[in-house]
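Here the structure is laid out as structure tokens; the discussion comes afterwards.
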Amino acid sequence: MPTITLPDGKTKSFDKPVSGLEVAASIGAGLAKAALAVKVDGELRDLSAMIDRDAGVAIITAPKPGQAASGEALQLIRHSAAHVMAEAIQDVLGKDVQLAYGPATDTGFFYDMFVPAGKKFSSDEFGAIDKRIAEILKEDRAFTRYEVASVEGLKKLQAEGNKYKVDNAERALGMASSVYQGKKAAFSEGNAAAEARSAVLSFYATGTPGKNWEDLCRGPHVPSTSRIGAVKVMSLASAYWHGDETSDRLIRVYGTAFASQADLDAYLKQREEAAERDHRKIGKALHLFHIDEDVGQGLILWTPNGSIIRKELQQFIAGELRKQGYTEVFTPHIGRLELYKTSGHFPYYKESQFSPIIERDALEQLSAAGCSCAEMIHRVEGVSERLAKGINERTGKETIEKSRVLPDDKLIEGFMLKPMNCPHHAKIFASSPHSYRTMPVRLAEFGTVYRWEQSGELNGMTRVRGFTQDDAHLFCTEEQVPAEIQGCLSLVKVIFGTLGMKDYRVRVGLRDPDSNKYTGSKDNWDKAEAACRDAAKSLGVPFSEEPGEAAFYGPKIDFVVKDVIGREWQLGTVQVDYNMAIRFDLSYIGSDSSKKRPVVIHRAPFGSMERFCGVLIEHFAGAFPLWLSPEQVRVLPISEKTNEYAMKVHAALQAAGLRAEIDTSNDRVQGKIKAAAELRVPYLAIVGPRDAENGTISLRARGEEKDLGAMKLEAFVEAAAAEYLSRAAVLGVKP
RNA sequence: GCCGCCCUAGCUCAGUGGUAGAGCACUCCCUUGGUAAGGGAGAGGUCGAGGGUUCAAGUCCCUUGGGCGGCUCCA
């Protein structure tokens with residue numbers, strides 16, 4: 001006699017076990033119609049699943065077109081779509097295509113499959129597959145679950161000869177796989193693990209078991225194929241079975257699905273728009289930056305136009321930092337290896353750093369002495385007894401492995417391109433004495449760092465190997481930590497506000513409660529985590545707490561900004577660090593005249609200038625606010641007869657500090673407007689004989705269909721200069 | 001780093017074994033025009049690089065650099 005509790009707290013009692021559909025129907029016919037699945041005590045189940053005990057039940061419904069779908073509804077739709085796509089692919093390409101693994105993802109779904117050698121599968125087939133999918137949706141076949149005992153199920157799968165499905169089943173049953181002995185258990189989560197220890201295997205037929213297509217599957221699914229709405233096959237990629245490159249190579253077919261064709265169309269349109277906004281495309285068209293293969297992958301050359309944007313941003317940020325009491329420093333791009341051994345960066349993160357720079361003489365001598373490469377590496381990575389002792393004494397525990405400690409004459413010294421700015425800043429802090437009265441010390445630098453990102457990860461300006469962080473290190477007392485974190489967040493707020501980026505959230509990275517890898521006292525951690533949480537809360541934007549996401553040396557806050565078309569971008573972080581002051585033996589004199597350890601806060605709220613500019617390019621689609629526009633005003637004479645007056649206008653704009661250009665080509669004005677519009681120039685000052693006579697310009701603003709009318713030259717110059725100075729987010733000059 | 005695809009003029013792209021093309025941009029000429037491309041002419045490429053197959057390679061094969069998509073990784 002189940003009594004179910006609905007999300008709103010209401011309860012309903014039934015005198016016999018009921019299906020999810022019956023529960024929905026008992027609430028309302030509309031709900032029953034929209035229902036896709038049920039959530040029973042937090043667990044997603046088929047709508048047809050019987051509920052025979054007291055439980056909390058929520059109905060998962062399909063969204064109406066245009067309405068935001070719940071993640072669960074989309075996941076159901078997409079997982080079901082993966083089945084339909086797999087069936088369609090087997091119909092189109094043949095049953096010898098073996099299915100492996102097909103989950104829903106954030107933006108759709110994929111299905112990994114093994115395509116026999118000699119069989120061609122390319123995007124040419126997408127049309128036929130999409131067509132077959134549409135037919136299956138129209139047939140409105142019910143997703144039918146049936147369960148068989150594990151032994152019987154395994155036999156069935158073995159008979160079908162698909163080793164991937166056998167493997168899936170064995171993993172689901174919690175058995176060691178007979179097929180896959182790989183090193184990673186990447187697929188354990190959410191797939192096999194959830195069903196581990198189950199005594200049965202579940203299958204889903206798309207229609208009638210034994211008659212229609214079916215697949216080993218944990219489920220749940222939407223009730224029937226028509227409920228999927230709309231599906232599209234998107235792309236092909238290759239993938240390894242279980243993500244293990246020593247295992248079989250499979251073809252991964254990506255698709256996406258939505259509750260309605262309208263939603264799918266909206267998604268496709270959004271993707272198109274995103275492609276139009278791609279900073280690599282716009283960066284080329286507007287000459288904002290250049291990457292040259294002769295210079296190197298992932299190394300940004302800032303061309304004059306892009307440099308203007310970066311410079312404006314940096315001046316803006318620097319101004320805000322001054323208001324907050326930061327002091328600016330400059331440090332070189334390299335430092336001795338020893339410095340990074342002290343900080344702990346080298347060699348622990350060597351795979352993401354550029355190789356050390358070793359002096360030529362040293363290399364030649366070692367080479368002449370017959371030193372092997374392995375020995376050389378060992379001696380480069382070694383640390384002196386002095387350094388090891390110093391760090392171990394300060395931390396009170398072994399932080400440097402004994403095997404790495406070498407006598408001085410065995411060590412090979414060298415330099416490293418800096419992967420972080422903090423060691424240099426720590427040395428600046430340590431270069432003068434500090435007292436609690438002069439704390440905090442806030443050292444800011446647009447510091448360029450170099451990291452060895454894997455080549456496959458590089459992407460335009462957003463993933464690069466050399467980048468300039470809007471970096472700063474705040475050396476403060478423990479008591480000052482909350483206020484300093486607060487200060488970092490208020491800076492972010494000001495800058496996002498100015499750029500018109502209202503939609504952002506923060507993630508607070510906390511300790512993993514089950515780990516003891518963390519440095520610093522529990523008491524301090526509690527305080528710092530509370531400070532991060534409080535600061536995030538006070539920001540007035542959504543925030544999430546993520547246990548286990550903290551670094552071993554302290555909690556952190558990450559910023560994630562949403563651009564105008566809804567994509568999220570991870571920018572920078574604020575990170576509390578209890579470890580660095582210890583490693584560098586930093587101190588200040590407390591009020592009791594004893595030496596105290598400062599706490600260090602790393603913060604680069606916008607990440608890097610490269611990434612931030614890349615995000616801004618996409619956010620604005622190249623149509624920057626006046627203050628960031630490389631070219632702010634273009635003067636367009638109607639004909640050569642007004643060139644002279646146009647030059648006067650141009651000179652007046654330049655004299656006012658505006659970035660103005662003049663187009664004296666012998667195009668007609670229509671052509672000049674088109675050319676300027678393509679470059680997203682904010683204001684066009686069009687001048688003809690009338691204007692020359694009246695001392696006016698005819699104003700046309702970016703995005704306006706037609707001209708805004710004439711205004712006195714002086715008034716325009718003044719208004720434009722004022723808008724520039726105010727860093728207005730939108731164009732506002734009008735006659 | 002791994003897998004797949006791609007690289008032709010400054011830009012966007014056509015050209016699948018037989019004399020390198022188009023549009024835009026550029027230069028010059030005509031046109032002197034009032035709000036998203038007036039007209040004409042010219043110049044511009046050892047087809048990413050190196051090697052191979054072939055009578056003949058932009059086109060086929062190998063190596064290599066770079067890009068894109070995906071995987072993996074990320075202090």
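All chains are named by letter (A, B, ...) in the order of the sequence lines, taking the proteins before the strands, and each is independently numbered beginning at 1.
Spacing between atom CE of A:Met461 and atom C1' of B:G67 amounts to 17 Å, rounded to whole angstrom units. Separating the CZ atom of A:Phe114 from the P atom of B:G4 is a distance of 14 Å, rounded to the nearest angstrom. Rounding to whole angstrom units, CG of residue A:Leu458 and P of B:U72 are separated by 17 Å. Atom CG of A:Asn643 and atom P of B:U32 are 15 Å apart (whole Å). At whole-Å resolution of the value, CZ in A:Arg252 and C1' in B:U72 are 11 Å apart. As a whole-Å value, the separation of A:Asp663 CG from B:G33 P is 17 Å. For the pair A:His290 NE2 and B:G67 P, the interatomic distance rounds to 11 Å; values are reported in whole Å. For the pair A:Lys281 NZ and B:C68 C1', the computed distance is 14 Å after rounding to whole Å.
An OP1 or OP2 oxygen of B:G67 is reached within less than 4.0 angstrom by no side-chain nitrogen or oxygen of A:Asn459. Contact annotation: A:Tyr254 side-chain N/O to B:C71 OP1/OP2 distance is under 4.0 Å. OP1 or OP2 of B:G69 has at least one side-chain nitrogen or oxygen of A:Arg280 nearer than 4.0 Å. One finds no side-chain N or O of A:Gln454 lying less than 4.0 angstrom from the OP1 or OP2 phosphate oxygen of B:C73.
The residue A:Phe552 sits apart from the nucleic acid: no heavy atom pair falls under 4.0 Å. The residue A:Arg702 sits apart from the nucleic acid: no heavy atom pair falls under 4.0 Å.
Every pair passing side-chain hydrogen bond (donor to acceptor under 3.5 Å, both in side chains) that includes a residue from residues 334-345 of chain A is listed here, sequence neighbours excluded: A:Arg336-A:Glu413, A:Ser343-A:His345. Residue pairs meeting the side-chain hydrogen bond (donor to acceptor under 3.5 Å, both in side chains) criterion with at least one member in residues 546-556 of chain A, sequence neighbours excluded: A:Ser544-A:Glu546.
Figure legend. B:C26 is base-paired to B:G42; pairs are counted as Watson-Crick or G-U wobble with both atom distances under 3.5 Å. Using N1 to N3 plus N6-O4 or O6-N4 for Watson-Crick, or N1-O2 and O6-N3 for G-U wobble, each under 3.5 Å, B:G1 pairs with B:C71. For B:A57, there is no paired base (Watson-Crick or G-U wobble, both distances below 3.5 Å). Remark: B:G17 base-pairs with no nucleotide; criterion is Watson-Crick or G-U wobble with both hydrogen-bond distances under 3.5 Å. Using Watson-Crick or G-U wobble geometry with both donor-acceptor distances under 3.5 Å, B:A9 finds no partner in any strand shown. B:A49: Watson-Crick or G-U partner is B:U63, with both key distances under 3.5 Å. Pair assignment for B:A37 gives none, since no Watson-Crick or G-U wobble pairing has each distance under 3.5 Å.
Between B:C68 and B:U16, the distance separating the two C1' atoms is 22 Å to the nearest Å. Taking atom P in both B:G70 and B:C28, the straight-line distance is 45 Å, to the nearest Å. Look at the P atom in both B:G44 and B:C7: the space between them is 25 Å, to the nearest Å. Distance check on atom C1': B:G42 versus B:C47 gives 23 Å, rounded to whole Å. Nucleotides B:C55 and B:C13 place their P atoms 37 Å apart, quoted to the nearest Å. B:G40 and B:A49 have their P atoms separated by 34 Å, given to the nearest Å. For B:G15 and B:C6, the C1' atoms lie 16 Å apart once the distance is rounded to whole Å. Rounded to whole Å, the P atom of B:U12 lies 27 Å from the corresponding atom of B:G18.
For A:Asp585, the side-chain hydrogen bond (donor to acceptor under 3.5 Å, both in side chains) partners are A:Arg597, not counting sequence neighbours. Judged as a side-chain hydrogen bond (donor to acceptor under 3.5 Å, both in side chains), and not counting sequence neighbours, A:Lys672 has no contacts. By the side-chain hydrogen bond (donor to acceptor under 3.5 Å, both in side chains) test, A:Lys350 pairs with A:Glu381, sequence neighbours left out. Every side-chain hydrogen bond (donor to acceptor under 3.5 Å, both in side chains) that A:Asp663 has, sequence neighbours left out, goes to A:Ser665. For A:Ala623, the side chain to side chain contact (heavy atoms under 4.5 Å, CB included) partners two or more places apart in sequence, or in a different chain, are A:Arg680, A:Arg702. Checked against salt bridge (Lys or Arg N to Asp or Glu O under 4.0 Å), A:Lys281 has the following partners two or more places apart in sequence or in another chain: A:Glu276.
Mapped onto RNA chain B by nearest heavy atom, A:Arg463 and A:Gly298 fall at different nucleotides, with A:Gly298 at the one closer to the 5' end. Between A:Met420 and A:Glu457, the residue anchored nearer the 5' end of RNA chain B, judged by the nucleotide with its closest heavy atom, is A:Glu457.
Remark: A:Glu704 does not engage A:Arg700 in a salt bridge, criterion side-chain N to carboxylate O under 4.0 Å. Using a 4.0 Å cut-off between a side-chain N of Lys or Arg and a carboxylate O of Asp or Glu, A:Lys674 and A:Glu678 qualify as a salt bridge.
Summarising the local packing, CZ of A:Arg271 is surrounded by 12 or fewer heavy atoms from other residues, nucleotides or ligands at distances under 6.0 Å.
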Side-chain donor-acceptor distances from residues 643-650 of chain A under 3.5 Å, at least two apart:
from, atom 1, to, atom 2, distance (Å)
A:Tyr645, OH, A:Thr696, N, 3.1
A:Tyr645, OH, A:Thr696, O, 2.8
A:His650, NE2, A:Ala660, O, 2.9

Please list, pair by pair, any protein nitrogen or oxygen found under 3.5 Å from a nitrogen or oxygen in nucleotides 34-39 of chain B.
from, atom 1, to, atom 2, distance (Å)
B:G34, O6, A:Pro689, N, 3.1
B:G34, O6, A:Arg690, N, 2.6
B:G34, N1, A:Asp691, OD2, 2.8
B:G34, N2, A:Asp691, OD2, 2.8
B:G34, N2, A:Ser698, OG, 2.4
B:U35, O2', A:Arg700, NH1, 2.7
B:U35, O2, A:Arg700, NH1, 3.3
B:U35, O4, A:Ser698, OG, 3.3
B:U35, O4, A:Asp707, OD2, 3.4
B:A36, N7, A:Arg700, NH2, 3.0

Provide a list of protein-nucleic acid N or O atom pairs under 3.5 angstrom, restricted to nucleotides 8-13 of chain B.
from, atom 1, to, atom 2, distance (Å)
B:U12, OP1, A:Lys284, NZ, 3.3

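Note that A:Arg252 lies in the cation-pi zone of A:Phe110, set by a 6.0 Å cut-off to the ring centre and a 45° limit from the axis. Judged by the 6.0 Å distance and 45° axis criteria, A:Arg611 is not positioned over the aromatic ring of A:Phe559.
The stretch residues 338-357 of chain A comes close to RNA chain B through A:His345, A:Tyr349, A:Ser352, A:Gln353, each having a heavy atom under 4.0 Å from the strand.
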